[in-house]
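To start, the structure itself, in structure tokens.
The chain is numbered in sequence order, starting from 1.
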Amino acid sequence: LYLAEGHPSALVFDDSTAAAGMPGYYAPYFLKGPIIIKDSRDYADDAAELTNDTTCEWMHPLGEILTSVIDAGMSIRWLHEHDSVPWRMFEQLVKDDHGMYRWPAQSWLPLAFSLEAERLS
């Protein structure tokens, strides 16, 4: 298994609650219920406006994700945290020379993680 995803600690923030040029608090890290989001913007295309603009998402803390992989009978080979993502997660992020988006000055919060796991024999 190879999994690459937005980091749950970054997903507690959002541009809709931004203040002082930084994303603001959005959702509790340990929220168990769904987060209903109505947003006509498209994360991959700034010029697009979505007609079907409601999504339903859930928070999954990093420990929950790792435990689920282990409970599925897999062994985690490695876990990496990243300071960049391939999409503009927050308006404040800037595109680097590799086409990834990162914090403009100093990395202060992981934006993504990746892990590799394999099924135990």
Side-chain angles (χ1 to χ4, degrees):
L1 168 71
Y2 177 76
L3 173 64
E5 182 60 90
H7 201 291
S9 65
L11 299 176
V12 303
F13 298 101
D14 190 73
D15 286 330
S16 67
T17 57
M22 296 296 285
Y25 172 74
Y26 179 68
Y29 188 76
F30 295 106
L31 181 67
K32 295 295 183 196
I35 302 168
I36 309 300
I37 302 165
K38 187 170 179 64
D39 187 355
S40 61
R41 297 176 298 163
D42 179 28
Y43 72 90
D45 181 356
D46 289 339
E49 187 168 325
L50 303 174
T51 302
N52 299 313
D53 62 357
T54 303
T55 60
C56 187
E57 300 179 8
W58 284 262
M59 290 294 292
H60 296 287
L62 195 55
E64 180 181 306
I65 295 167
L66 297 176
T67 300
S68 296
V69 171
I70 293 166
D71 287 350
M74 303 188 91
S75 173
I76 297 170
R77 294 178 47 106
W78 50 257
L79 168 70
H80 300 290
E81 296 175 292
H82 307 282
D83 63 355
S84 64
V85 288
W87 74 95
R88 197 167 191 186
M89 180 184 271
F90 303 115
E91 291 177 13
Q92 297 80 4
L93 301 183
V94 295
K95 199 173 202 176
D96 67 15
D97 294 337
H98 303 287
M100 301 292 280
Y101 291 89
R102 58 182 64 250
W103 297 109
Q106 180 180 2
S107 296
W108 64 276
L109 179 76
L111 297 172
F113 76 94
S114 58
L115 68 82
E116 181 179 295
E118 61 185 355
R119 185 159 305 279
L120 298 172
S121 302

At what distance, to the nearest 0.5 angstrom, does [atom1] of [X] lie from [atom2] of [Y]?
X     : Y      : atom1 : atom2 : answer
Met74 : Glu116 : CE    : CD    : 9.5 Å
Glu81 : Ser114 : CD    : OG    : 9.5 Å
Ser16 : Lys38  : OG    : NZ    : 14.5 Å

| request: With side chain to side chain contact (heavy atoms under 4.5 Å, CB included) as the test, would you mind laying out the steps for Tyr2 and Arg77 before giving the verdict? | output: CA-CA 10 Å; Tyr2 177 76; Arg77 294 178 47 106; over 6 Å; no
Using atom types as modelled and distance alone, determine if a side-chain donor or acceptor of [X] lies under 3.5 Å from a backbone N or O of [Y].
X     : Y      : result
Asp15 : Glu91  : yes
Ser75 : Leu120 : no
Arg88 : Asp45  : no
His7  : Ser9   : yes

Cluster check [X], [Y]: I/L/V/M/F/W/Y, side chain < 4.5 angstrom:
X      : Y     : result
Tyr101 : Val94 : no
Leu50  : Trp87 : no
Trp58  : Ile65 : no
Met100 : Phe90 : no
Tyr25  : Met22 : no

Taking all non-hydrogen atoms of both residues, which atom of [X] and which atom of [Y] are closest, and how far apart?
X      : Y      : result
Asp42  : Ala48  : CB-CB, 3.9 Å
Asp83  : Ser107 : OD2-OG, 3.0 Å
Arg119 : Ala72  : NH1-O, 2.9 Å
Cys56  : Ile36  : SG-CD1, 3.5 Å

| Leu115 and Leu1: CA distance, side-chain angles, deciding distance, side chain to side chain contact (heavy atoms under 4.5 Å, CB included) verdict | CA-CA 8 Å; Leu115 68 82; Leu1 168 71; 4.2 Å; yes
I want to check something: taking the side chain as every heavy atom from C-beta on, are [X] and [Y] in contact at a cut-off of under 4.5 Å?
X      : Y     : result
His60  : Leu11 : no
Leu62  : Tyr29 : yes
Pro23  : Gln92 : yes
Met59  : Pro28 : no
Phe113 : Leu79 : yes
Ile37  : Asp14 : no
Leu3   : Val69 : no

| Under 6.0 Å between the ring centres of Trp78 and His80? |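 Yes; His80 has its ring centre under 6.0 Å from that of Trp78.
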| message | Apply side chain to side chain contact (heavy atoms under 4.5 Å, CB included) to residues Trp103 and Leu93 and explain how you reach the verdict. | response | CA-CA 5 Å; Trp103 297 109; Leu93 301 183; 3.5 Å; yes
